[in-house]
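Data first, discussion second: the structure below is written as structure tokens.
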Amino acid sequence: MKSFLKNIGVLLALLFTVTAYLTAETNNSVPQKININSKFILEGKKNIDPRAIEKIDTMGSELFLKTGVNVYIYAVERYAGKKHDDINSKMAFIKSFESNMTKELKDPFVLLTVSVEDMHINILYSSELEGSLNRDDILDDNIIPLLASKDKNSIYAKISAALLNGYAAITDSVAKSRGLELDSSIGSGGTTVAAIWRIFMYLIIGIGLGAYTYAIFRSRRK
């Protein structure tokens, strides 16, 4: 029964993500009224769907209550609004910028950062959390596939889905490392959600190709 309920949670999370994609406005606009506040969103509340912020706050609050670990998000269009002449200067600035951010955070913490225009995303964490999460796996499996998807959905929808998915994976990983399980978890790690999402996208593509092939076949018969 517990496993069944967990699977239901994963499916509901997927439905949430799909809804965020399908209901996003294609002109990349962002809702002007955002009612959800969260101490875990350091910057970028306007770039995240309020429903995602609400779920992020729920997961973050439960994790902090049970472990004392804060998981933060910093999501902006461009770090400090600064443009760069070359990749080396950009990376040096980003490294310094992120280092300064972490100096302001109290241990233990995890910081998920996003700079859309710089095409940069990162996960930073305090030294005592070493081994509590796999940075590369979370980025590659839970965040980047949603941000990099080639479709007509707005960047706002993609950021909302990717940050929610990544945040869930981070909080689950930290909780698991402490021998805990979050009641607010949207699945056993975000990997399941990402995998189901990719299957869903492949299915849509397959249906589209099938319809196109059928249309060509019918036109030739005529």
Side-chain angles (χ1 to χ4, degrees), residues 6 9-21 23-24 30-31 33-77 98 101-102 104-106 108-116 121-126 129 132-133 135 137-139 141-147 153-178 180-194 197:
K6 176 67 72 174
V10 172
L11 291 176
L12 289 175
L14 173 63
L15 289 175
F16 177 93
T17 304
V18 172
T19 300
Y21 268 72
T23 59
V30 176
K33 186 177 182 181
I34 297 181
N35 299 316
I36 303 299
N37 289 302
S38 173
K39 73 170 187 175
F40 304 109
I41 311 295
L42 300 181
E43 190 69 41
K45 185 174 71 170
K46 68 178 182 178
N47 298 316
I48 309 171
D49 189 287
R51 294 163 295 180
I53 294 176
E54 184 175 26
K55 184 60 178 177
I56 285 168
D57 190 73
T58 300
M59 292 186 290
S61 296
E62 184 183 357
L63 182 71
F64 176 73
L65 181 64
K66 292 182 175 180
T67 67
V69 177
N70 281 306
V71 180
Y72 298 108
I73 287 177
Y74 189 98
V76 293
E77 284 84 2
E98 291 182 333
M101 276 197 291
T102 58
E104 303 296 323
L105 302 179
K106 183 179 179 180
F109 72 86
V110 180
L111 176 61
L112 173 57
T113 68
V114 178
S115 175
V116 177
I121 186 163
N122 198 9
I123 298 175
L124 304 148
Y125 47 87
S126 49
L129 292 178
S132 296
L133 66 158
R135 171 189 171 277
D137 283 353
I138 293 174
L139 289 174
D141 295 337
N142 305 94
I143 300 176
I144 293 176
L146 293 177
L147 283 177
N153 293 294
S154 69
I155 189 63
Y156 168 72
K158 292 180 181 180
I159 287 178
S160 298
L163 290 181
L164 174 64
N165 205 34
Y167 196 92
I170 291 170
T171 52
D172 278 343
S173 294
V174 173
K176 185 177 180 180
S177 72
R178 306 294 176 90
L180 301 171
E181 185 172 338
L182 300 180
D183 296 329
S184 58
S185 171
I186 62 174
S188 52
T191 306
T192 304
V193 178
W197 174 254

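Small disclaimer: the values here were computed from a predicted structure and weren't measured.
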Pair Met101, Glu43 - check side chain to side chain contact (heavy atoms under 4.5 Å, CB included), show working.
CA-CA 11 Å; Met101 276 197 291; Glu43 190 69 41; over 6 Å; no

Run Val69 and Arg178 through side chain to side chain contact (heavy atoms under 4.5 Å, CB included) and show every step you take.
CA-CA 11 Å; Val69 177; Arg178 306 294 176 90; 3.7 Å; yes

Just do the side chain to side chain contact (heavy atoms under 4.5 Å, CB included) check on Leu111 and Asn70 with the steps written out, would you?
CA-CA 8 Å; Leu111 176 61; Asn70 281 306; over 6 Å; no

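Note that OH of Tyr167 and CD1 of Ile73 are 6.5 Å apart. Values are rounded to the nearest 0.5 Å. How far CD1 of Ile159 is from CD1 of Ile48: 8.0 Å, rounded to the nearest 0.5 Å. Here the CG atom belonging to Leu164 is positioned 10.5 Å from the CG atom belonging to Asn142, to the nearest 0.5 angstrom. The OH atom of Tyr74 sits 9.5 Å away from the OG1 atom of Thr113 when rounded to the nearest 0.5 Å. Here the CG atom belonging to Leu105 is positioned 6.0 Å from the CG atom belonging to Leu42, to the nearest 0.5 angstrom.
Under the side chain to side chain contact (heavy atoms under 4.5 Å, CB included) criterion, Ser126 pairs with Asp107, Pro108, Phe109, Glu128, Leu129, sequence neighbours left out. Evaluation of the side chain to side chain contact (heavy atoms under 4.5 Å, CB included) rule for Ser38 yields Phe40, Ile41, Ile53, Asp57 as partners, not counting sequence neighbours.
Within the 4.5 Å cutoff, the side chain of Leu63 has heavy atoms near those of the Val174 side chain. Val71 is not listed as a side-chain neighbour of Met59, based on a closest heavy-atom distance of 4.5 Å or more. Using a 4.5 Å heavy-atom threshold, the side chains of Lys158 and Leu146 count as separate. Using a 4.5 Å heavy-atom threshold, the side chains of Ile170 and Ile138 count as touching. Looking at Val114 and Val76, their side chains never come closer than 4.5 Å, going by heavy atoms from C-beta outward.
In this structure, Thr58 contributes its side chain and Glu54 its backbone to a donor-acceptor pair below 3.5 Å. Checking side-chain atoms of Ser185 against main-chain N and O of Leu182 turns up no donor-acceptor pair under 3.5 Å. In this structure, Lys39 contributes its side chain and Tyr72 its backbone to no donor-acceptor pair below 3.5 Å. At distances below 3.5 Å, at least one donor-acceptor pair connects side-chain atoms of Glu62 with backbone N or O atoms of Asp183. Between the side chain of Asn165 and the backbone N or O of Ile143 there is no donor-acceptor pair closer than 3.5 Å.
In terms of heavy-atom proximity, Lys55 sits nearest to Ile186 at CE-CG2, 3.2 Å. Looking at every heavy atom in both residues, Ser160 comes nearest to Asn47 through OG-O, 3.9 Å. Across all non-hydrogen atoms, the minimal contact from Thr102 to Leu124 is CG2-CD1, 4.0 Å. Closest non-hydrogen pair, Leu139 versus Pro145, comes out as O-CD, 3.9 Å.
In this structure, Lys66 places its NZ atom where more than 12 heavy-atom neighbours from other residues, nucleotides or ligands lie under 6.0 Å away.
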